[in-house]
Amino acid sequence: MHARQRLAQTFDSAEELAEYQRQNPASLSRFEGAKAVIPGGNTRLTAYFAPYPFYAVKGEGSRIYDLDGNVRLDFYNNATSLIFGHAYPPVVAAISDQASKGTAFAVPTEPEVELAQLLTAHIPSVEKIRFTNSGTEGVLFAIRAARVFTGRDKIAKFEGGYHGTADHVSISVTPDLALTGDTRRPTPVLASAGITPNTVDDVIILPFNDLQGTTAILTAHQDEVAAVLVEPILGSCGYVPAQPEFLQGLRELTQRLGMLLIFDEVQTFRLSSGGAQALLGIMPDLTVLGKIIGGGLPVGGVGGRSDVMAAFDATTGTPKIPHAGTFNGNPVTMRAGLATLRDVGPAAYDRLDQRGSDLRQRLQALGDRYGVPIQVTGAGSLFGIHWSAEPVTDYRSAARANKSLSYKFFLHALNNGIFFTTRGGGCLSIPMTDAEVGAFLDVLEGFLKKITTG
Ligand SMILES: Cc1ncc(COP(=O)(O)O)c(C=O)c1O
């Protein structure tokens, strides 16, 4: 069958589903019980997949053990948040030591200062930082800080950009392509019910990797936009990188128009000790952090220019932005973050980069060898597999890839000892070796054989 015809097909996953159910009966029964007390059976959308997720009982390095006794290589690492994989011994030691001393106090502790010192030393654009308990909160406070600093109300984000679940970023995250409108002037599409429709009035949606389109839109709104929020790599689209010149252009444009540039590095901070911005040589005004900076515990943060961050300062009177939070900067998270980040040296990033690019190249080569068009995207330790014949450069091209084939491969991988995501995105962790990379490639090859001969 011609490649394009194959990609237009809807793939039936019945065989993989049956095998998944055969391998995971205990998880099914747990999930059935869970649905009686939790709507949808669990508390986190991204931890659900059809027909039901397996229940993890233990993680160790690159492996997850489940309730049914299956062991899988974890190529998702709690949505990229575990750079050392599971239960990294120095993190376990730091957490248990701190737990024995107390987990939370309504006064500051030293680890908070130490983590702030480490992060400000590593990220040139981050002069000051405040911690939150999630990336969502980091984004929310970055937006407030930008509004206070500029005196403007609107924010601009890119189509397909995921920045957590606050109202103003829950727009055009994974919109139905039929609703997205003109490629160069994307129509804002609410991503959740329960958000007031006029939230859309404060949000401008931009076309990713399209500097001309972005320039036209921002110029038309130049006195209204407080900040442009961008992920250096579109995560939820399956790790689609921004072109460096696009981000460079965006930096110049926002500066010219008096808008702040906010980098959402919740995921991309795992690319280097200074995040994607250090690799690109770009200084955003604000940066949102999360995931790996908490060493596997709940965390987030917003940092950046001192003059912008001054809005949070309570030492000179009532702060312009009251930033409270019962568990903000709690010492357990801070110590887990420190135990992680202190151990990721340049050699570890180099190894992750090399393994990541090796994996991406070999995945692409396998698709080419079997005549099945796939597009492999990503950078550093992040990778995305898109079942598509067209280059994937933004949300729309990612959304046009064959989703039923992506889901079928996801199930096939699960049944063969690999966990990653239904949309084809994944990441490596430091303990992974060539053996784990080889295991992933073998699973893809087995799948390609199956679909080309079956
Ligand atoms: C780029 C990005 N920003 C923000 C968030 C939100 O972070 P959290 O889930 O900690 O609220 C995420 C989470 O996946 C993310 O990937």
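Throughout, numbering of the chain's residues begins at 1 and tracks the sequence. When a ligand or atom number is given, it counts from 1 through the structure's own listing order.
- The aromatic rings of F420 and F410 sit tilted relative to each other, their planes meeting at an angle between 30° and 60°.
- Taking atom 15 (C) of ligand 1 as the reference point, the nearest protein heavy-atom neighbour is V266 CG1, 3.7 Å.
- Proximity of D264 to ligand 1, defined as any heavy-atom pair under 4.0 Å, is confined to the side chain (atoms from C-beta onward).
- Every atom of ligand 1 with a heavy atom of H163 under 4.0 Å away is listed here by number and element: 3 (N), 4 (C).
- In the vicinity of K291, heavy-atom distances shorter than 4.0 Å reach the ligand 1 atoms 13 (C), 14 (O), 16 (O).
- In this pair, F440 and F409 present their aromatic rings perpendicular. The plane angle is above 60°, beyond the 30 to 60° band.
- Using modelled atom types, no side-chain atom of S381 and backbone atom of G356 make a donor-acceptor pair closer than 3.5 Å.
- Close contacts of ligand 1 with G164, meaning ligand atoms under 4.0 Å from a residue heavy atom, involve 4 (C), 5 (C), 6 (C).
- To the nearest 0.5 Å, atom OH of residue Y20 and atom OG of residue S27 are 6.0 Å apart.
- Using a 4.0 Å cut-off between charged side-chain N and carboxylate O, D394 and R396 make no salt bridge.
- Taking the six-membered ring where the residue is Trp, Y76 and F419 present perpendicular rings, their angle passing 60° and hence far from 30°.
- Under a 4.0 Å criterion applied to the non-hydrogen atoms of E231, ligand 1 contributes the atoms 1 (C).
- Taking any N or O of G135, backbone or side chain, at least one lies under 3.5 Å from an N or O belonging to ligand 1.
- The proximity of E137 to ligand 1, defined as any non-hydrogen pair under 4.0 Å, does not occur for either the backbone or the side chain.
- Short contacts between ligand 1 and Q267, defined as distances under 4.0 Å to a heavy atom of the residue, involve ligand atoms 16 (O).
- Cation-pi geometry between R360 and Y239 is not satisfied (NZ or CZ under 6.0 Å from the ring centre, within 45° of the ring normal).
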